[in-house]
Amino acid sequence: MPKLTYLGHAAFLVEGSKGSVVIDPFLSGNPLARAKPEEIQVDYVLLSHGHGDHLGDALQIAEACDAVIVAPNELAVYCAGKGARTHGMHLGGAFNFPFGRVKLTIAHHGSMAPDGTYTGNPCGFLVTMDGKTLYHPGDTGLFYDMKLIGEMNRIDVALLPIGDNFTMGIEDAVKAAEFLQAGVVIPMHYKTFELIDVEPTEFVAKVEAGGMKARLLPIGESLDY
Ligand code: NI
Ligand code: MN
């Protein structure tokens, strides 16, 4: 049974029986985050795109843990240029890692490293560990292919950005939840900045009003799924 821990913003730690990963570890730059980069112990770091609030402390964590960074190829090449061990992938591709299976999904967004380097297409992730599937869509607007992602995968947990401005807002994220038909949806990418100061409780209430299950996972808290 994998354990999911919310580290704030779009950052999650996922620990399974065969290894652990951290997704989009933006910690030291996030005043709301509690965990420090040096406390993170993982085998792999998954990056959805190059924006500073996702790349975050990835390079430092990867170096400290001797972990491999998994990212869309252009971003993987950028990280390799900074000295990281990397595994480049691309949209639609899946790979069986020791900890589990990762498939890259489309995300409608941009991708540029904080130093201005363009880092290709952003992505989302389907991560299957111990027979359970987690969907982290990265930063994205709503897209109808989420219906296909929901049809082709039995998603146990879907993490959905709700903050608006840079990603889906609450209304679109509720529609995404309808498309995905996940066991439970968890909101992310809200309140970190003034521009994304929306109420996650409103999202949870609207998803549940639609007969689906949603859960607010406070920063620092975990869920076994
Ligand atoms: Ni972004
Ligand atoms: Mn973001």
Side-chain angles (χ1 to χ4, degrees), residues 4-14 21-35 37 40 45-62 69-79 82 88-91 102 104-127 134-143 145-146 149 157-173 176-177 185-200 203 216-219:
L4 176 76
T5 303
Y6 189 33
L7 302 175
H9 201 54
F12 289 85
L13 176 68
V14 195
V21 303
V22 68
I23 307 173
D24 289 355
F26 171 58
L27 305 176
S28 59
N30 180 4
L32 301 180
R34 293 182 181 179
I40 304 298
V45 179
L46 274 51
L47 294 180
S48 66
H49 63 296
H51 290 160
D53 59 319
H54 298 259
L55 179 63
D57 303 294
L59 293 166
Q60 183 194 328
I61 291 169
I69 293 178
V70 177
N73 194 57
E74 292 80 357
L75 179 55
V77 168
Y78 172 82
C79 293
K82 301 283 180 189
M89 296 181 68
H90 237 303
L91 302 177
V102 174
L104 265 58
T105 57
I106 57 169
H108 291 298
H109 196 65
S111 186
M112 183 176 77
D115 66 7
T117 305
Y118 182 64
T119 46
N121 282 310
C123 75
F125 295 106
L126 284 161
V127 182
L134 173 80
Y135 178 46
H136 186 306
D139 277 1
T140 186
L142 177 64
F143 55 92
D145 280 2
M146 281 186 182
I149 292 171
V157 181
L159 312 167
L160 292 174
I162 63 163
D164 225 335
N165 195 78
F166 301 111
T167 68
M168 293 185 278
I170 288 175
E171 193 185 340
D172 286 6
V185 296
I186 295 173
M188 65 170 178
H189 211 276
Y190 59 87
K191 289 211 180 290
T192 320
F193 319 116
E194 236 177 85
L195 283 169
I196 59 171
D197 187 10
V198 304
E199 286 307 323
F203 169 74
L216 187 56
L217 196 62
I219 294 172

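Model, not experiment: these values are computed from the prediction. Order of listing sets the numbers, starting from 1, for every ligand and every atom in it. Note that the numbering runs from 1 along the sequence shown for the chain. Quick note: numbers below take in every heavy atom, side chains included, and nothing from hydrogens, waters or symmetry partners.
- A 4.5 Å side-chain heavy-atom check between Leu59 and Ile69 finds at least one atom pair inside the cut-off.
- For His136 (side chain) and Ala10 (main-chain N/O), a donor-acceptor pair under 3.5 Å exists by modelled atom type.
- Formation of a donor-acceptor pair under 3.5 Å by the Asp57 side chain with backbone atoms of Leu27 is found in this model.
- Geometry at the Mn ion (ligand 2): NE2/His54 and NE2/His189 form an angle of 100°, nearest 10 degrees.
- Counting only heavy atoms from C-beta outward, the side chains of Leu55 and Cys79 approach each other to under 4.5 Å.
- Looking at heavy atoms from C-beta onward, Pro137 lies in side-chain contact with Leu160 at the 4.5 angstrom threshold.
- Here the side chains of Leu159 and Leu4 are in contact, with some heavy-atom distance below 4.5 Å.
- Distances from the Mn ion (ligand 2) to the N/O/S atoms of Asp139 are shortest for OD2.
- Of all N/O/S atoms in Asp53, OD2 sits nearest the Mn ion (ligand 2).
- Residue Asp24 is tested with His9, His49, His54 for a side chain to side chain donor-acceptor pair (under 3.5 Å); the sole match is His54.
- Around the Ni ion (ligand 1), protein N, O or S atoms at a distance under 2.8 Å total 4; waters are neither shown nor counted.
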